[in-house]
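Scroll down for the structure; my scribbles are underneath it.
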Amino acid sequence: MHAGYYYTNGGSFNWLTQFLNQISRYGTPAFAIISGFLLYNQAINRKFKVAVFWKSRISKVISPFIIWSIIYLFVKWCYGKYSLPSFNSLTEINDFIYYFFSGKSNYHLYFIAIVVQFYLIFPLLQIMKSKKLLIFLTIIGFFINHFIVNYNINLGDGFLNEFINGKVFIFHWIFYFFLGGLLVYYWDKIISLVRQNIKASLLLGLIIIFFGVIEYKFTGWIESNRTLNMFNLPLLFISISGLYIALSSFKKIRSYVVEIGNLSMGIYLVHPLILFFLRNHSFFDLFYERTRYLPVIYIFTLVSSIILVKIITKIPFGSYIVTVAKRKDKVIEPQNSANTQSA
């Protein structure tokens, strides 16, 4: 959404749109932590079955990824924003295959491509799911992450070089996946500690955001896979946990938050489609010319995305198009490590 304001206003941000753009840089690593947590939680607390794992991943993630990649390419083609490859050219076919499966069909799909890579290696990684091994993997993942982000690996001019040095490569995020798995063992203790120090945990989040603002004010731009985020995200997770617990006093608000959370995967997949139509019809240009209209665009996009997701879930095989979690609105309570599903 903030990118729309950026391009409409001559390739520049004002203070608000820059803040929204930069604060969203915490999003990708946060999703990686959540993905690692959910996968390892199942592997640690339930018996891992490869067939069940892949059946679930194909229907909930891989199928929506392929379908929405096709949808976005088709819509862009209809609006003259994309040209189909020539199937008489092997080079163009190879380019298209890389373009498609690396999540470049639309700007937000690259993260799904990252998650799929983690799925490919997870059947092996889940064997190493003890606390000690996960501590070891998390530490190793930290150094791998730091190296791959900060140093270019020159493998020539081919797809492999582009893939490894691009943000779509799993090793740019591997620390966060392992950290999510490690959190399964410490989640109860973290929640217990946060519950006793809610104000401090909220303040911690504000401090992280404050210094993030200072950082991009001096550097002009921060990246989601920068090394500093490997320190920021664990602290932000503590703060977010405190925010969720604090919302227990506002049951109606928390109910809405949980509902949006359950629809979040679907919203993530469809919301750029709404924004695409807004950006490509002149009627909506007025709303992108002034920042004051940003809340209007936000609410319209969110509501439209929710409606679209709910419509899709009602059609046959809709679950293969968008993924919607089952509704769970439970207060996060400290539990033993055998049951952390409430997280």
Side-chain angles (χ1 to χ4, degrees), residues 1-8 20-21 24-25 27-28 31-32 35 57-87 89 92-119 159 162-163 166-170 173 224 260 263-285 287-288 297-298 300-324:
M1 184 171 60
H2 42 71
Y5 283 84
Y6 177 82
Y7 291 112
T8 300
L20 293 174
N21 177 274
S24 67
R25 303 298 166 179
T28 302
F31 280 127
S35 299
R57 297 309 101 186
I58 289 172
S59 63
K60 294 179 180 178
V61 179
I62 297 176
S63 172
F65 170 71
I66 293 173
I67 290 172
W68 284 100
S69 293
I70 294 171
I71 290 173
Y72 280 108
L73 288 179
F74 177 74
V75 171
K76 288 180 178 180
W77 176 76
C78 289
Y79 279 79
K81 306 288 186 180
Y82 176 77
S83 298
L84 294 173
S86 171
F87 291 99
S89 170
E92 290 192 26
I93 292 174
N94 289 336
D95 287 343
F96 174 77
I97 292 172
Y98 177 76
Y99 184 90
F100 188 93
F101 287 104
S102 60
K104 293 186 177 182
S105 299
N106 206 55
Y107 59 83
H108 68 309
L109 294 174
Y110 82 99
F111 179 71
I112 310 298
I114 295 169
V115 172
V116 171
Q117 291 172 65
F118 191 67
Y119 292 161
F159 290 126
E162 181 180 350
F163 176 70
K167 288 199 298 184
V168 73
F169 184 38
I170 181 66
W173 314 99
S224 54
I260 292 173
L263 297 171
S264 60
M265 178 62 172
I267 293 171
Y268 179 79
L269 289 169
V270 310
H271 83 274
L273 186 63
I274 307 297
L275 293 173
F276 180 87
F277 286 121
L278 295 181
R279 291 283 295 124
N280 284 277
H281 290 83
S282 58
F283 174 80
F284 297 98
D285 287 348
F287 295 97
Y288 282 98
I297 295 292
Y298 177 84
F300 178 82
T301 303
L302 178 61
V303 172
S304 299
S305 298
I306 291 173
I307 293 172
L308 181 56
V309 168
K310 291 197 172 188
I311 290 174
I312 292 173
T313 59
K314 300 296 182 182
I315 66 176
F317 305 105
S319 61
Y320 289 90
I321 303 174
V322 295
T323 301
V324 175

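As a basis for the values below, the full set of heavy atoms in this structure was taken, side chains included, without hydrogen atoms, waters or symmetry mates. In what follows, residues are counted from 1 in the order of the sequence shown.
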Find the distance between CG (Leu273) and OH (Tyr72) and round it off to the nearest 0.5 Å. 5.0 Å

Crowding at CZ, Phe31 (>12 non-hydrogen neighbours, <6.0 Å): no

Report the residues that fulfil side-chain hydrogen bond (donor to acceptor under 3.5 Å, both in side chains) with Thr28, sequence neighbours left out, ordered by chain and then residue number. Tyr110

Using side-chain heavy atoms (C-beta onward) and a distance below 4.5 Å, is Gln117 in contact with Val168? yes

Does a side-chain heavy-atom distance below 4.5 Å link Thr323 with Val61? no

Donor-acceptor check, side chain of Glu92 to backbone of Ser86, threshold 3.5 angstrom: yes or no? yes

Check whether any side-chain heavy atom of Leu73 sits under 4.5 Å from a side-chain heavy atom of Ser105, and report yes or no. yes

Measure across Gly103 and Ala113 and return the closest heavy-atom pair with its distance rounded to 0.1 Å. N-CB, 4.1 Å

At what distance, to the nearest 0.5 angstrom, does OG of Ser305 lie from CD1 of Ile267? 6.5 Å

Which residues satisfy the side-chain hydrogen bond (donor to acceptor under 3.5 Å, both in side chains) test with Glu162, sequence neighbours excluded? Lys104

Once side-chain hydrogen bond (donor to acceptor under 3.5 Å, both in side chains) is applied, do any residues pair with Lys76, and if so which ones, sequence neighbours excluded? Asn106

Rounded to the nearest 0.5 Å, how far apart are CD1 of Ile311 and CD1 of Ile306? 12.0 Å

Please answer whether the main-chain N or O of Tyr268 pairs with a side-chain N or O of His271 as donor and acceptor at a distance below 3.5 Å. yes

Donor-acceptor check, side chain of Tyr320 to backbone of Ile67, threshold 3.5 angstrom: yes or no? no

Return the CD1 to CG distance between Ile274 and Leu302, rounded to the nearest 0.5 Å. 10.5 Å

Beyond-backbone contact of Leu109 with Ser69, side-chain heavy atoms, under 4.5 angstrom: yes

Just how far is it from atom CG of Asn280 to atom CG of Leu275, taken to the nearest 0.5 Å? 11.0 Å

Set of residues satisfying ring pair (Phe, Tyr, Trp, His ring centres under 6.0 Å) with respect to Phe169, sequence neighbours excluded: Phe163, Phe171

Looking at residues at least two apart in the chain, or sitting in another chain, which of them share a ring pair (Phe, Tyr, Trp, His ring centres under 6.0 Å) with Phe101? none

With side chains defined as the heavy atoms from C-beta onward, is the minimum distance between Phe317 and Ser63 less than 4.5 Å? no

Flag side-chain contact, heavy atom, 4.5 Å: Ile321 against Trp68: yes

So do the side chains of Trp173 and Phe118 get within less than 4.5 Å of each other, counting heavy atoms only? no

Which residues pass the ring pair (Phe, Tyr, Trp, His ring centres under 6.0 Å) test with Phe96, sequence neighbours left out? Phe100

Taking the side chain as everything from C-beta on, heavy atoms only, tell me whether Tyr79 gets closer than 4.5 Å to Phe277. yes

If you look at every heavy atom in Ile112 and Met265, which pair is closest and at what distance? CD1-CE, 3.8 Å

When you measure from the side chain of Ser304 to the backbone of Thr301, do you find a donor-acceptor pair of N or O atoms at a distance under 3.5 Å? no

